[in-house]
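The first residue in the sequence is number 1, and the count goes up from there. Here the structure is a predicted model, which is why all the values come from computation and not from measurement.
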Amino acid sequence: MTGRKPLQFLKSALFVLLLSLTTTTLKAQAPPITDVAFAPDGSSVVACSQAGLQIFSWPDLELKESVELSFDNAHCVAFSADGNSLAVGGGNPSEKGAIEIFSWPECVTQMKLSQHDDSVVSVAWLDNDNLVSASLDRLLIHWDLESGEPARALRGHSRGVSSVCILSNGDLVSAGLDQSVRVWNTESGELTRSLNQHSRAINSISICPSGAGQPIVATAAGDHTIRFWQPSIGRMMRYVRLESEPLDLAWIDESRIVASCADGQLHLVDSLNVEVLHTTSAIDGWAYAVAVHPIDSSVVVAGSGGQLQRIELR
């Protein structure tokens, strides 16, 4: 377990190179945008909020289409592995959690799923026919989409589950408001590890894109830290502390990650040397979500007041 390490100036200088801010901000949509995802071909951005689902062109961020959902509050969006389906999660707080799956790019409803007792705040695809939902009702549900029924429910978090990701071997890693990171065997639903180094609720978890060696995930939490883990062996590797609470994370490559924060700033972090390489003001208010373009590593940040901001890393 390590904290900050000395800055390697030459390497970091190459990383920083400059974050240039493109001042495209949309404020017409009053509710905060809670999650964003790039379409697989990178030509558009999908955003969700209390206003439903919106599709924006990229890179100019012009609203192309609005899609009505079957529930009031949307919290998360995720594309399937083949890019042909889009899952949107949300629901009514303390009443019902729901997931609606759309065909892409037609945005025609394919399926509606509803077994949670509270809002769904994170979804992750195991493959094109299996989905995992994380809810504030403390459950993870593994859905068999061929039948439209739950394959199993995973119980272990003592408070709401805030985020979930999938390891290369198919195991799940979840993060919760109970400050814990938990590792699950997908086939059996068994809880295999529970890691508890965070001191506040965890907001987001994201897996490193590297396929070599032990998988690495990063978590962002209310204790103002981003922590890097090897979940398969139960090891917390290192961490970096930020000035503001990180709300969401997205990997740029194997050694760099961006974090959107409660003060509206975006931090570029060297995950190997756990150093903040650059900080820029992204939006006015809370930056709830961040996503990295699948091709050119540009970034979209979203949050308060329906704002979307394009940031180019170069």
Do Tyr288 and Asn203 make a side-chain contact, defined as non-hydrogen atoms from C-beta onward lying under 4.5 Å apart? no
Check: Asn128 and Asn84 side chains under 4.5 Å, non-hydrogen atoms: no
I need the Arg238 CZ to Ile226 CD1 distance, nearest 0.5 Å. 12.5 Å
Can you find a pair of side-chain heavy atoms, one from Val123 and one from Trp143, that are under 4.5 Å apart? no
Do NZ/NE/NH1/NH2 and the carboxylate oxygens of Arg310 and Glu312 come within less than 4.0 Å? yes
Expected output: side-chain Gln307 to main-chain Asp284 donor-acceptor under 3.5 Å: yes
Can you name the residues that form a side-chain contact (heavy atoms from CB on, under 4.5 Å) with Ser43, not counting sequence neighbours? Asp41
Note, Trp104 side chain near Ser44 side chain (heavy atom, < 4.5 Å): yes
Can you tell me how far the CG atom of Leu86 sits from the CD1 atom of Ile55, to the nearest 0.5 Å? 8.0 Å
Within a strict 4.5 Å, meaning less than it, do heavy atoms of the Leu191 and Leu154 side chains meet? no
Look at atom CD of Glu243 and say whether more than 12 heavy atoms of other residues, nucleotides or ligands are closer to it than 6.0 Å. no
Tabulate below the donor-acceptor pairs under 3.5 Å that side-chain atoms of residues 257-268 make, not counting sequence neighbours, or state none.
from	atom 1	to	atom 2	distance (Å)
Ser260	OG	Ala287	O	3.1
Asp263	OD1	Gln265	N	3.1
His267	ND1	Thr279	OG1	2.7

Side chains of Ser204 and Pro246, heavy atoms from C-beta outward: is any pair under 4.5 Å? no
Decide yes or no for Val121 and Cys76: does some side-chain heavy atom of the first lie under 4.5 Å from some side-chain heavy atom of the second? no
Look at the rings of His198 and Trp229 and say which category their plane angle falls in: under 30° parallel, 30 to 60° tilted, over 60° perpendicular. tilted
With a cut-off of 6.0 Å (strictly less than), are more than 12 heavy atoms of other residues, nucleotides or ligands near CD of Glu187? no
Does any part of the side chain of Ile207, heavy atoms only, come nearer than 4.5 Å to the side chain of Leu167, both counted from C-beta? yes
With a cut-off of 6.0 Å (strictly less than), are more than 12 heavy atoms of other residues, nucleotides or ligands near CD of Glu106? yes
Which of parallel (below 30°), tilted (30 to 60°) and perpendicular (above 60°) describes Trp184 and His157? tilted
Do Ile141 and Leu131 sit in the same hydrophobic cluster, where Ile, Leu, Val, Met, Phe, Trp and Tyr count as joined when their side-chain heavy atoms come under 4.5 Å apart? yes
In sequence, state the C-alpha distance, the side-chain angles, and the governing distance for Val301 and Ile311, and then conclude on side chain to side chain contact (heavy atoms under 4.5 Å, CB included). CA-CA 8 Å; Val301 184; Ile311 296 175; 4.0 Å; yes
